[in-house]
Structure formats: C-alpha cells, structure tokens
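Reviewing the structure listed below.
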Amino acid sequence: MDDDLGTLPQKGDFSAWYNDILWRAEIMDVRYPVKGLYVWYPYGFAIRKHVYARLRTLLDRDHEETLFPLLIPEQEFMKEAEHIKGFEDEVYWVTHGGTTPLDVKLALRPTSETAIYPMYALWLRSHADLPMKYYQIVNTFRYETKQTRPLIRLREITSFMESHTVHATWDEAEAQVEYELALSREFYDGLCIPIIISKRPDWDKFPGADYTMAIDAIMPNGKTLQIGTVHHLGEHFSKTFSITFEDKNGEQKLGSQTCYGISERCIAALISMHGDDKGLILPPVTAPVQAVIVPITIGKRHEDVLAAAEKLKNDLTAAGFRVKIDTRDMRPGAKYYWWELRGVPLRLELGPRDLDAGKVMAVKRTGEKTQIELATVTDEVTRVLGEITAAIHTRAEEHTQSHLCTVASLDTLVAALNEGKVAVVSWCQHKGCGDVIEEKTNASILGTNARSQYVSATDSVCIVCGKPGKATLVGRTY
RNA sequence: GGGGUAGUAGGGUAGCCUGGUCCAUCCUAGAGCGUUUGGGACGCUUUGACGGCGGUUCGAAUCCGCCCUACCCCA
C-alpha cells in the first residue's frame, strides 16, 4: 500500500506534481491547440464556481457587479501613456471584420481600464455619485512571451475579477485600497491561504498607478505567487479620461481611483498550497463534493447498505452539504484513492458493521478516522468539516511561517533564498541598491512595507548602503 | 530575444537515418462479458495512433516544405 502511490509525482517535485495533478484531478486540460489557452474540466470549473461565489459574496457587500465589452477601440486604449507602455507588447488586436480591414483596430482587453473609464466619465456627474465601486469577472487576453503555465501564466486569463472605484479624494481612494486589502485577506483566509502584503517597488507597479499593493503566497517550493493586486491610480486615468464630478461648491474635480484584481491564480494557490502526495486537498467551502459516501456492499447486505447510504445522502443534502454517493463497481480501496486525488474533504464509509452499530466511519482527507453516530450525522459532519478546515489552515500557516525569515545582511539573504525561503531585509528603496540585491540573490524585490503575521518586519538600515531602510520582502517569484 | 530537441492510441515508448501492407510494445488507459468488493481485484474478448496542411512516390509514421504546439538551454 505504501510502496505504490500511483504515478502522481511526489509533491516535493512541485513542478511535476502541479502539472500532473491538473489533469489527473481533472482541473485543466492543457491539450487545447493554442499556446497559453487551457480548458476547464467540469470538476475544475466546479471548484472555480465555489471559489468565485465566495469572492462575489464578499464584493457584493460594498461593490456592484457589471459587465463591459471585451473589445476596446485603439484610440481609447492608446490614451494613457504609461498604461500603453506597460501593455503594448502583450495586446491581441482584432484587425478585420470578416475579410474587411477595420478602420479602427480593436484590442482584446488585457485589463479593462480603458474600456471602463470612458463610461465612468459619462456616468459620473456629481459628488453624490461617489464613491463608485463596480467590478466584473471576465476573461482577458495577454500575449505572454514567457513560458505559459495553466492557471498561472496564461494568454487568456479566464477568471479575472477586476474592481474599479472612483472617490472624491486621494485619501478616500487610499482608504479603499486598505479596504480591498482587508477583503482579500478575508477571501484568502476562507481558502486557508496565508498571504503576505507588500508595496511593489516603483519599477514593478501597475502601469499608470500611483502605487501598487500586492498579495503574495508562498508556494511549496518557496517561490512566491502574486495572487492579487490593489492599485491606487490617483488621478492618472481620471485626467486622461475626464472622470470628473461637480463638488459641493459647484467646482469640477477629478476623481481619485483604485483598481483591484484577482485571477484564477487564486485557484493555482489553492491547489498548490494544500495538496499532498495523494492529490488535492480542498477546504470544504471550495469542494464541489464535500463528503463522499462509499457504501461497502458485501453479499446479501447489498440492498440494506445501499438504502442506508441513500438515506444518509438525502439527510446530508437536505442539511445543505454537497454530497455524492459512489456506487460504481470498483473496489472500495480504488474509490478511496480516486476521491482522495480529487481532494474531497470527508469520506463516509458505510458498511454492514456500521449499519448494525448505527454508525458511519468518517475519514478526513487530512488524515484521521472517527466513527460518528448516524442519528446525529448532520451535526457531526458540520463539526468534522470544521476540523478539516482548521487542519488545512494550520498546515498552510506552518508552511508559510517556516518559509519566511528576517535577515540582516546580503550573505545571509543569499543563504536564506537558497534554502527556498522568502526573506525580509531592510532596503533604502533606491534603485541602485535594489539592483544589487536582485543581482546578488538572483531573486526579486517583492515590495516594501511588508505586512505579515508570520514574520517580524521592522525597518532598519539598508543591507547594501547602510542608510535608513524599510522592511522589504525578497523572494524568487513565479 | 538567441539556440537546441521533440510531437506516434487516454498515458508512456520503439520504429524514422536505410520509404514496402507495418500484427510494434508497455501501463494504474477505453469498451464489452463474467467473477469480485472493509485500502489501488482478476480472467477472457476487443477498440484505438503516427501534431496539421501540402509535396515527392506505385507506395509516407519514415523523405521534402510550410505551419502549429511542447520541452530544454543561453541572454
């Protein structure tokens, strides 16, 4: 049993594990014949559905959902100079309608600022319209030249949540940035994914932003994955697109804006953070199947057991759980492995022995078997799923904590990175010293103002020049 | 950005230089039948492929051209 765990590579070989699990667990099919475009299998899409339902619920507290067109006319796209510079090499252009060349080329949105903001200019009239907080969940296209990777580096981002807000003042927009960071923290907390927040260095901020706050997670191999960004756009775009309002004194003022994005990388993080050598481990809130019932049907008791399993399923479904019953003609062991690969949090084994005892065997995907009473099964399942969530959470926090450290010199920084860690150092924020750090370590400066509950981040002197510096995250990135 | 290697069934490979129907082969792959079922069962039968388009040829997985895709290395 322990000498052959199938052909899923060990999680220690993270890259191979990741690629393999995507198709074995039926999340993404990479065989679509266009580079950088991948197909969601129904099971993967079901995970996406639950994850994005959570995201929508959080956003809907304070934002409204909208939908803007995919195509952006060239002249709008080309309005904001910095923005163009950031994206022009990655834009797909629609140049023809049928066989007729178009007078105005149309960009497939790489992000939607230039689609949304001309409309915001029309919608915004008065200070009473503020703040405006809208979001959409859409696909976007970027002609990536680097190696593409399912869910991580795509030419079609299929699940891009972008929120765009307008405020009366820069300070209010800043408060919105903080609000959205808090919202992200809550979102990722629900997925049991520990995050680190930092302020990206100037050279790495969103094209057209005053500043960019980024959300990173530490993958199993110690590389960081950016899984969210919140940008303070200031007045860059409102100037360009004339997003103005009449204030209380009757004066025309520019709005101050933010935008905020989360993509299917959140699902890459979900898969990577929690999975193990046997496959996926899904936190119950994200699991398409929260509990699977495996009836153990032997000989004559076949009908009894099946009937009991049906009843169990109906009881749990009525209580709001997502439950499947596996009656396939396979050996129980084979079913166990099959569902474990797919990350189902809880397995309920029901056989003649259990039936006689009025119990059911509950096996957590995180390990550990317990017998629970059939009489109180819905309460028990609630409790056990809660324990599973807690276990997943704790494990992820331990991983993150153990991959973070604070160092005070270049040499110790290099050593820490080579151990697969992400480090906090002090840096003066000058490009020159930043270049030294990145070259010496072959890593990236993720950002300053590092915020994490998993490592202390206090400002000290720059590890390169010795001048006053800020707590800065350095790591190898995806 | 520069260079290299490759694409054969669900997955993994051989065959290619030296064209000859290719019965190619392995698997935890598919279909069917039967026996099974408390941690990956087994037997029998069977299906299925040469990345795409075009060319050369009596004949192409094999040779030529273009395209697509993937992987690796270097900057």
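Letters go in sequence order (proteins before strands), and every chain restarts at 1.
- For A:Arg347 against B:G39, a side-chain-to-base donor-acceptor contact under 3.5 Å is present.
- Atom name P, nucleotides B:G12 and B:A29: the rounded distance is 14 Å, in whole Å.
- In this entry the distance linking OH of A:Tyr143 with P of B:C68 reads 9 Å, nearest Å.
- At whole-Å resolution of the value, CG in A:Asp20 and C1' in B:A29 are 14 Å apart.
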How does protein reach along nucleotides 70-75 of chain B, written 5' to 3' as B (base within reach of a heavy atom under 4.0 Å), S (only sugar-phosphate), or - (no contact)? SSS---

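- Separating the CZ atom of A:Arg155 from the C1' atom of B:C68 is a distance of 12 Å, rounded to the nearest angstrom.
- Rounded to the nearest Å, the gap between the P atom of B:C23 and that of B:A49 is 14 Å.
- With sequence neighbours left out, A:Lys311 forms a side-chain hydrogen bond (donor to acceptor under 3.5 Å, both in side chains) with A:Asp315.
- The same atom, C1', is picked in B:G51 and in B:U5; the two are 16 Å apart, to the nearest Å.
- By the 5.5 Å and 30° criteria, A:Tyr336 is not stacked with the base of B:G39.
- In this structure A:Ser409 satisfies the side-chain hydrogen bond (donor to acceptor under 3.5 Å, both in side chains) test together with A:Thr412, sequence neighbours excluded.
- B:C16 sits 35 Å from B:C42 when the P atoms are compared, rounded to a whole Å.
- Here A:Ile84 pairs with A:Met78, A:Glu88 under the side-chain contact (heavy atoms from CB on, under 4.5 Å) rule; sequence neighbours left out.
- Protein atom CH2 of A:Trp23 is 10 Å distant from nucleotide atom C1' of B:G12, rounded to whole Å.
- Within residues 324-333 of chain A, the residues that place at least one heavy atom under 4.0 Å from RNA chain B are, in residue-number order, A:Asp329, A:Met330, A:Arg331, A:Pro332, A:Gly333.
- If you measure from atom CZ of A:Arg301 to atom P of B:G38, you get 16 Å, rounded to the nearest angstrom.
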What pairs of donor and acceptor atoms, side-chain ones from residues 422-437 of chain A against any protein atom, are under 3.5 angstrom apart with sequence neighbours left out?
from	atom 1	to	atom 2	distance (Å)
A:Ser426	OG	A:Ser460	N	2.8
A:Ser426	OG	A:Ser460	O	2.9
A:Trp427	NE1	A:His430	O	3.2
A:Lys431	NZ	A:Asp435	OD1	2.9

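- Of the two residues contacting RNA chain B, namely A:Arg31 and A:Met361, the nearest-nucleotide position lying further toward the 5' end is that of A:Arg31.
- In the interface, the side chain of A:Glu340 is not paired with the base of B:G40 through any donor and acceptor atom under 3.5 Å apart.
- Annotation: salt bridge (Lys or Arg N to Asp or Glu O under 4.0 Å) contacts involving residues 216-230 of chain A, sequence neighbours excluded, comprise A:Arg200-A:Asp216.
- Among the nucleotides B:G1, B:G38, B:G39, the one closest to the side chain of A:Thr145 is B:G1.
- Salt bridge status for A:Lys278 with A:Asp276: absent, with no side-chain N to carboxylate O gap under 4.0 Å.
- Distance noted for atom P between B:C64 and B:U56: 16 Å (whole Å).
- Residue A:Leu306 contributes atom CG, which lies 15 Å from atom C1' of B:G38 at whole-angstrom precision.
- For A:His164, the side-chain hydrogen bond (donor to acceptor under 3.5 Å, both in side chains) partners at least two apart in sequence or on another chain are A:Tyr117, A:Glu162.
- Using P as the reference atom, B:G65 and B:C17 are 15 Å apart when rounded to the nearest Å.
- Remark: the separation of the P atoms in B:U36 and B:U28 is 22 Å, to the nearest Å.
- One finds no salt bridge joining A:Glu398 and A:Arg395 here, because no Lys/Arg side-chain nitrogen approaches an Asp/Glu carboxylate oxygen to under 4.0 Å.
- Between A:Arg48 and A:Glu264 there is no salt bridge, since no side-chain N of the basic residue sits under 4.0 Å from a carboxylate O of the acidic one.
- A:Ser452 meets the side-chain contact (heavy atoms from CB on, under 4.5 Å) test with A:Ile196, A:Leu404, A:Tyr454, A:Val455; sequence neighbours excluded.
- In this structure, A:Tyr32 places its OH atom 13 Å from C1' of B:C68, rounding to the nearest Å.
- Residues satisfying the side-chain hydrogen bond (donor to acceptor under 3.5 Å, both in side chains) criterion with A:Tyr478, sequence neighbours excluded, are A:Asn221.
- Between A:Trp17 and A:Phe14, the two ring planes are parallel [angle under 30°; tilted spans 30° to 60°].
- Protein atom OH of A:Tyr337 is 7 Å distant from nucleotide atom P of B:G40, rounded to whole Å.
- Taking atom C1' in both B:C33 and B:G52, the straight-line distance is 39 Å, to the nearest Å.
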Report, one line per pair, each donor and acceptor closer than 3.5 Å where one atom sits in a side chain of residues 283-297 of chain A; sequence neighbours left out.
from	atom 1	to	atom 2	distance (Å)
A:Thr286	OG1	A:Pro283	O	2.8
A:Gln290	OE1	A:Arg322	N	2.8
A:Gln290	NE2	A:Pro284	O	3.0

For RNA chain B, what dot-bracket results from Watson-Crick or G-U pairs at under 3.5 Å, with [ ] for crossers and | for inter-strand partners? (((((((..((((......[...))))..((((((.....))))))....(((((..]....)))))))))))).

